[in-house]
Amino acid sequence: MSAAAHNLNPAQQAAVTHGDGPLLIIAGAGTGKTRTLVHRVAHLIERGVAPQRILLLTFTRRAAQEMLRRVESLTGSRGARVHGGTFHATAHRLLRSYGAQAGLAPAFTILDQGDAIDLVGISRAELGFGQRKSRFPRKETLHHVYSRHVNTEIAVGDILRDEFPQFEEHAADINRVFADYTARKERRNLVDYDDLLLFWAAMLDAPGDLGTRIAALYDHVLVDEYQDTNLLQARILRGLCRSHRNITVVGDDAQSIYSFRGATVRNILDFPEQFAGATRVTLEQNYRSTQPILDVSNALIEHARQRYRKRLFTTRGGGEPPALVAARDEHEQTLFVVDRILEMHEQGTPLREMAVLFRAGYMSADLEIELTNRKIPFEKWGGLKFLEAAHVKDVLAFLRILENPRDDVSWYRVLHLLPGVGDVTARAAVALLAERSWDPRAFAVFTPPRAARAAHAALVALLDRLGAPGASGPRGVSEEIALLRTMYDAILRDRYDRAEPRLADLDQLEAIAGQFPTRAAFLSELALDPPSGTQDLAGAADTESDALILSTAHSAKGREWDAVFVIWAVDGWFPSARALRSDDDTDEERRLMYVALTRARNALFIVHPLDAYGARGGSGYAINQLSRFLDERVRAYTQRMVAVPDVSPGAAATAVSSEPIDLRALLRGRFGGN
DNA sequence: TTTTGAAGTCTCTCC
DNA sequence: GACTTCAAAA
């Protein structure tokens, strides 16, 4: 089938049928970027490129799955052989196959960000920093600097000078912490996210034939969301494509929102220089949104400093202007959103076709409570991750000890769970284990303080049972979880409040563990591709079910919905006060708002509470003003609304009205009298 | 000496 | 609301 037969517009067609050599596709929001990329892959296959020699790199697994599914529907089973995934997942796969040839011990475990921060914290404590008078960076800050250094190749000293001048004097000690952290990872056979990319890049650049062999695995490389790649990723791509230069990148500089992770918009701006002779195609026709929604979005992004000029247009007629809704407080905002959603649902819009977007995960708390009370199903993307929940990390720590007994981070975590065991006892136990070559059974020999004796005995017994084969040969992962929960559930009830939902999380964890052949596969998968939240896990079995989507603006990228609500459009919230340290940061926040607005197809509501509770502890930005991005020029394209709750008994419906109401008047005079 | 409970300090985005 | 810090209790 020819590309034209698929109703592609001329620009899309040019991109799809581009022959060999570097190709840069600048694609505005909703311009059929995914469609173009998918058709290009299909076109390559039709042209005779072997599917397994095509690599499709995406930003999230959700995007990867979606694209591979669509490739398959275009090309049939051949498409299933295309390699696709995130940079990190692809790096992981290559390291498992080729890492040993580059000196990486096999059977390494992957540290997720939380683990990595904990490990940095251990290095920090071991070296004795942090107990001093003069302020030393927190473990989170240290990890941030470390990660930035690896991903951007900027010297540690320069990062400190630019971002944390207050810690510049500690540069030498900070480097010592990093050296210790690096050594610790190596001793424990651990690999963090940054290592995945770094090692991949290093293998490609390695002298000898290793790099050549890895580069020779693929004939064509296609990259989605190129504006969100960093220097290290660009280096990997140069290495991968050095012989054939068959690289296609798709991106939108107006949607670059990951600089906090080291992404640089320079990658996309400099692509023509990096890959000389690159062809450039720009997609500007938007197929997603109504013109009024595009008008607001265009006005918003107009004043961002960006290189590739483009102005989205659509041939879709009609559509209401987006609504700018003032709510009295957070709860009124919630009621407005919920009532509107129910209204549209009544009129036939499935819940799954509507989304509520916000700057940060915690901002949906009130909304989640209301949805739960009203029994409206929802799925939350982004924000606090399933894996970051303390009780899930606890259970995984047990599994990690079994998988890699040298993992002292997990040992500390498990030991701390025992009543009567604090820092000192845990340290002593780990020291003993280290002495006995990390044999888990050596733990039985450890003499705990009196208060911890019973707990110690229980853990010894548990590890013993876990170490022994089950009744039917080696245990499955879910069987292991069930077994360790015989001990852990009681600890959970004791240590955490709201035990029930947490236990339900563990039920889910146990269930998905059953899908993995080995413990190692389960742990790697969780680190690289964590479920986005408990709801996500619960809904894994029935993705068909209808549920409203709640998402951070970041996690919403690449998606679209019939109706979109952007809540907390308040200065200090969106843009986030924390992210306003420089003009560049402000620009990124603006692009993030742009991403949020351009997710909407037909209806867009921007809601801002006038009174945010307590004005964030009374410090700083106390006045709740409308987001600075929604200035007059943007507001000119919106219609103003006021959310007013209906106070009649039994109804919580929200009416749209510009009339103020007087609550006291409802009762005034009702009982006669003066 | 070690643990643990309470008061106090922040609080983002993600592979 | 989770994590850190500090002081009391065992």
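Only heavy atoms go into these numbers, but all of them, side chains included; no hydrogens, no water, no symmetry mates. Within every chain, numbering begins at 1; the chains are lettered A, B, ... in the order of the sequence lines, protein sequences first and strands thereafter. Owing to the predicted nature of the structure, the values given are computational and were not obtained by experimental measurement.
- Across all strands shown, Lys139(A) has heavy atoms under 4.0 Å from sugar-phosphate atoms exclusively, and none from any base.
- What separates CG of Leu57(A) from P of dC15(B) is a distance of 15 Å, to the nearest Å.
- Between Arg138(A) and Ala527(A), the residue whose closest nucleotide on DNA chain B is further toward the 5' end is Arg138(A).
- The separation between Lys380(A) atom NZ and dC14(B) atom P is 10 Å, rounded to whole Å.
- When the C1' atom of dT13(B) is taken as reference, atom CD of Glu588(A) falls 9 Å away, rounded to whole Å.
- To the nearest angstrom, P of dT3(B) lies 8 Å from NE2 of His416(A).
- Within the cation-pi definition used here (under 6.0 Å to the ring centroid, within 45° of the axis), Arg413(A) does not qualify as a partner of Phe398(A).
- Atom CZ of Arg590(A) and atom P of dC12(B) are 23 Å apart (whole Å).
- Between Tyr258(A) and Phe59(A), the ring planes are tilted. Angles from 30° to 60° get that label.
- Judged by distance alone, the side chain of Tyr193(A) and the main-chain N or O of Ala527(A) form a donor-acceptor pair under 3.5 Å.
- In this structure, Pro419(A) reaches the sugar-phosphate backbone alone: every heavy-atom distance under 4.0 Å involves primed, P, OP1 or OP2 atoms, never a base.
- One atom, CZ of Arg495(A), and another, P of dA2(C), lie 13 Å apart when rounded to the nearest Å.
- When heavy atoms are screened at a 4.0 angstrom cut-off, Asp112(A) is found touching no nucleic acid atom at all.
- Here the side chain of Arg359(A) pairs no donor or acceptor atom with the backbone of Trp573(A) at under 3.5 angstrom.
- Both Ser576(A) and Asp194(A) lie close to DNA chain B; mapped to their nearest nucleotides by heavy-atom distance, the more 5′-ward contact belongs to Ser576(A).
- Residue-level contact check: Gln113(A) touches the bases, meaning some heavy atom is under 4.0 Å from a base atom.
- Using a 5.5 Å limit on the distance between ring centres and a 30° limit on the angle between planes, the aromatic ring of Phe59(A) does not count as stacked on the six-membered base ring of dC15(B).
- Between Asp228(A) and Lys557(A) there is a salt bridge, with a side-chain nitrogen of the basic residue lying less than 4.0 Å from a carboxylate oxygen of the acidic one.
- Between Phe260(A) atom CZ and dC12(B) atom P there is a gap of 11 Å when expressed in whole angstrom units.
- Taking atom CH2 of Trp568(A) as the reference point, atom P of dT13(B) lies 15 Å away to the nearest angstrom.
- With distances taken from any side-chain atom of Thr425(A) to the nucleotides dT2(B), dC15(B), dT13(B), the minimum falls on dT2(B).
- At dC14(B), one or more side-chain N or O atoms of Ser555(A) fall inside 4.0 Å of OP1 or OP2 (strictly under the cut-off).
- Phe87(A) comes within contact range of no nucleotide atom at all, as no heavy-atom separation falls under 4.0 Å.
- Side chain of Tyr362(A), nearest nucleotide from dA2(C), dC12(B), dT2(B): dC12(B).
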